[in-house]
Amino acid sequence: MPELPEVEVVRQSLNKKIKKKKVKRVIIRNRNLRFKIPLNFSNLLENKKITKVDRFSKYLILCLCNKSYCLIHLGMSGTIHIVYKNKKNLLTNSSFYNSPKLPNKHNHVEIIFKNLKIVYNDPRRFGFFQIIQNSYLLKKRFAHLGPEPFNSKFNLRYISTYFKGKKKNIKSFLLDQNFVSGIGNIYASEILFLSRLNPKKKISSLEYQDCKKIIINSKKILLDAIKKGGSSIRDFKNLSGRNGSFQKDFKVYNREGLNCKRSKCLGIIKKKIISNRSTFFCNICQI
DNA sequence: AAGAGGCCCTGATAGC
DNA sequence: TGCTATCAGGGCCTCT
């Protein structure tokens with residue numbers, strides 16, 4: 001489900017709902033996620049105020065009033081649902097009518113506040129929760145991750161330094177979170193289409209202009225996706241149960257066999273497995 | 001060190 | 001209807 005834009009959309013709505021609210025109670029329904037939720041997890045959250053909801057890359061960060069942090073990663077299939085406690089609220093809140101029915105299977109964690117609770121659901125269990133004790137450890141936790149595309153550190157000098165001595169194709173670098181963090185399989189294909197670059201192209205053959213395009217278009221695609229509420233393929237919805245709409249803007253992802261959307265291009269979208277993931281590109285305008 | 005590949009897990013869908 | 005195979009938006013680990 002979630003690449004940086006989807007996680008950012010969740011962060012924004014979550015921040016509105018739980019910022020400055022105190023965690024009353026935490027219920028663990030199922031500890032089994034990528035990392036097993038530790039027995040003292042509830043204790044570390046209960047009675048703490050959420051100062052704000054932050055994000056880095058694809059990680060949600062609940063900032064707690066005692067300067068510790070609760071990391072949430074949604075993995076491939078993690079979703080967060082919001083449930084209002086008060087039935088009157090339910091009936092008057094318009095978002096209620098758009099809300100998906102709360103799934104009853106694969107709910108792992110419920111974080112309960114005074115008027116509402118958030119429920120974490122994750123069928124594939126690739127997501128996780130993790131408490132980080134302080135900002136130093138938080139920094140350390142993210143130390144292996146490259147800059148987000150929005151960061152000014154993601155520049156030409158950085159890219160050429162990083163590419164030195166490496167030989168893979170450009171698609172696998174966009175997916176490499178050590179190189180640049182936040183881009184996933186969907187947006188990697190879209191960024192390369194916009195840059196007119198073949199995903200199989202080796203980084204050694206990239207020109208100065210190509211790298212420039214990658215920098216600009218990474219920001220562009222992700223920002224555009226955030227603005228449109230993310231991409232809703234499968235079950236991604238924001239907390240109000242609304243779909244994002246960026247999937248309508250996909251130029252190549254999931255469009256195998258269809259015509260290229262670039263004006264006057266007569267190409268057909270092809271699908272190839274690159275770095276173990278489906279990759280989509282136009283066979284004519286992406287050289 | 002870099003790169004390829006496998007693995008964690010469940011569910012939806014396609015094909016027989 | 002029911003079986004099996006394949007695929008899915010992430011990230012970590014091991015082996016060469």
Side-chain angles (χ1 to χ4, degrees), chain A residues 1-10 29-37 55-60 71-80 100 103-108 120-130 141-146 148 161-193 199-204 218 221-222 225-226 228-238 243-257 271-280:
Chain A
M1 178 201 95
E3 302 183 31
L4 187 154
E6 290 73 34
V7 179
E8 173 59 19
V9 170
V10 171
R29 302 270 179 211
N30 182 347
R31 296 190 180 279
N32 297 318
L33 287 172
R34 167 176 284 280
F35 310 126
K36 200 157 187 145
I37 297 175
R55 179 192 59 72
F56 179 72
S57 183
K58 304 171 190 172
Y59 299 76
L60 284 168
L71 283 195
I72 307 175
H73 196 293
L74 303 175
M76 291 274 255
S77 58
T79 50
I80 292 177
N104 50 20
K105 223 180 159 184
H106 304 301
N107 288 340
H108 286 78
Y120 179 80
N121 181 277
D122 190 355
R124 291 179 73 181
R125 304 183 190 171
F126 289 157
F128 63 79
F129 282 68
Q130 208 172 18
R141 178 68 178 76
F142 291 142
H144 65 291
L145 295 173
E148 291 187 348
T161 309
Y162 195 92
F163 283 175
K164 251 179 211 135
K166 301 190 179 80
K167 294 187 163 71
K168 283 188 300 181
N169 57 66
I170 182 58
K171 159 82 187 307
S172 48
F173 276 98
L174 290 183
L175 286 185
D176 178 357
Q177 305 297 300
N178 303 337
F179 170 56
V180 59
S181 58
I183 298 171
N185 200 42
I186 291 181
Y187 297 119
S189 281
E190 296 299 319
I191 290 164
L192 289 170
F193 173 81
K200 275 222 150 149
K201 189 158 186 167
K202 299 286 181 204
I203 48 160
S204 53
S218 302
I221 290 280
L222 297 190
I226 292 169
K228 292 182 174 149
S231 302
S232 295
I233 75 174
R234 298 175 185 282
D235 57 0
F236 175 74
K237 291 181 193 313
N238 67 24
N243 289 317
S245 66
F246 193 78
Q247 69 281 2
K248 292 174 196 154
D249 289 21
F250 288 167
K251 300 286 195 292
V252 286
Y253 187 83
N254 241 343
R255 297 194 66 249
E256 186 185 16
K271 173 177 167 178
K272 263 191 187 150
I273 304 296
I274 301 176
S275 48
N276 265 324
R277 296 247 139 96
S278 295
T279 308
F280 301 85

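What you are looking at is a predicted structure, and each value in this text was computed from that prediction instead of being measured. Each chain gets a letter, A, B and so on, in the order its sequence line appears, and its residues count up from 1.
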Report task. Send over the distance from A/K166 NZ to B/dG3 C1', rounded to a whole Å. Result -> 11 Å
Query raised in the report: Can the ring centres of A/Y253 and A/F246 be said to be less than 6.0 Å apart?
Result: no
Query raised in the report: A/E256 side chain to A/F280 main-chain N or O, any donor-acceptor pair under 3.5 Å?
Result: no
Query - Nearest-Å distance for atom pair CD/C1', residues A/Q177 and C/dC13 - result: 16 Å
**Report entry** For atom CG of A/N254 and atom P of B/dT13, their distance in whole Å
**Finding:** 13 Å
Query - Between C1' of B/dA2 and CZ of A/F163, the distance in whole Å - result: 14 Å
Query - Sugar-phosphate only, base, or nothing, as touched by A/N276 at under 4.0 Å among non-hydrogen atoms - result: base
Query raised in the report: Atom CG of A/N178 and atom C1' of B/dA2: how far apart are they, to the nearest Å?
Result: 12 Å
Between the protein and nucleotides 8-10 of chain B, which nitrogen or oxygen pairs come in under 3.5 angstrom?
| from | atom 1 | to | atom 2 | distance (Å) |
| --- | --- | --- | --- | --- |
| B/dC9 | O2 | A/R124 | NE | 3.0 |
| B/dT10 | OP1 | A/R125 | NH2 | 3.4 |
| B/dT10 | O4' | A/P123 | O | 3.3 |
| B/dT10 | O3' | A/H106 | NE2 | 3.0 |

Query raised in the report: Can you tell me if A/S77 uses its side chain to pair, donor with acceptor, with the backbone of A/R124 under 3.5 Å?
Result: yes
Requested in this report: Might you point out which heavy atoms bring A/G244 and A/S232 nearest each other, and give the distance in Å?
Outcome: N-OG, 2.7 Å
Query raised in the report: What heavy-atom pair brings A/N30 and A/I37 nearest, and what distance separates the two atoms?
Result: O-CD1, 4.2 Å
Query raised in the report: Can you tell me how far P of C/dC7 sits from NZ of A/K272, to the nearest Å?
Result: 16 Å
Report summary line: Base-paired stretches in DNA chain B with three or more consecutive Watson-Crick or G-U pairs, both distances under 3.5 Å, amount to B:2-8 with C:10-16, B:10-16 with C:2-8
Query raised in the report: Hey, does A/S172 reach any base, or is it just sugar-phosphate, or nothing, if we go heavy atoms under 4.0 Å?
Result: nothing
Query raised in the report: The side chain of A/H73 lies closest to which of these nucleotides: C/dG11, C/dC12, C/dA8?
Result: C/dG11
Query raised in the report: Any chance NZ of A/K200 has more than 12 other-residue heavy atoms, nucleotides or ligands included, within less than 6.0 Å?
Result: no
Query raised in the report: Is A/Y253 touching bases, backbone alone, or none of the nucleic acid, heavy atoms closer than 4.0 Å?
Result: sugar-phosphate
Query raised in the report: Quantified in whole Å, what is the C1' atom distance between nucleotide C/dC12 and nucleotide B/dG11?
Result: 23 Å
Requested in this report: Give me the ring orientation class for A/F56 and A/F142: parallel if the planes are under 30° apart, tilted from 30 to 60°, perpendicular past 60°.
Outcome: tilted
Query raised in the report: With respect to the phosphate group of C/dA8, does any side-chain polar atom (N or O) of A/S278 fall under 4.0 Å of OP1 or OP2?
Result: yes
Query raised in the report: Does A/F280 or A/S57 map to a spot on DNA chain C nearer the 5' end, using the closest nucleotide for each?
Result: A/F280
Query raised in the report: Ring centres of A/F163 and A/F173 under 6.0 Å apart?
Result: yes
Query raised in the report: Is any side-chain heavy atom of A/S189 closer than 4.5 Å to a side-chain heavy atom of A/F250?
Result: no
Query raised in the report: Are OP1 or OP2 of C/dG11 and a side-chain N or O of A/K58 less than 4.0 angstrom apart?
Result: yes
Query raised in the report: Between C/dG9 atom P and A/N121 atom CG, what is the distance in whole Å?
Result: 19 Å
**Report entry** Span that lies between the P atom of C/dG11 and that of B/dA1, in whole angstrom
**Finding:** 22 Å
Query raised in the report: Do the ring planes of A/F128 and A/F35 sit parallel (below 30°), tilted (30 to 60°) or perpendicular (above 60°)?
Result: tilted
Query raised in the report: What is the distance, rounded to the nearest whole Å, between atom CG of A/L4 and atom P of C/dG11?
Result: 11 Å
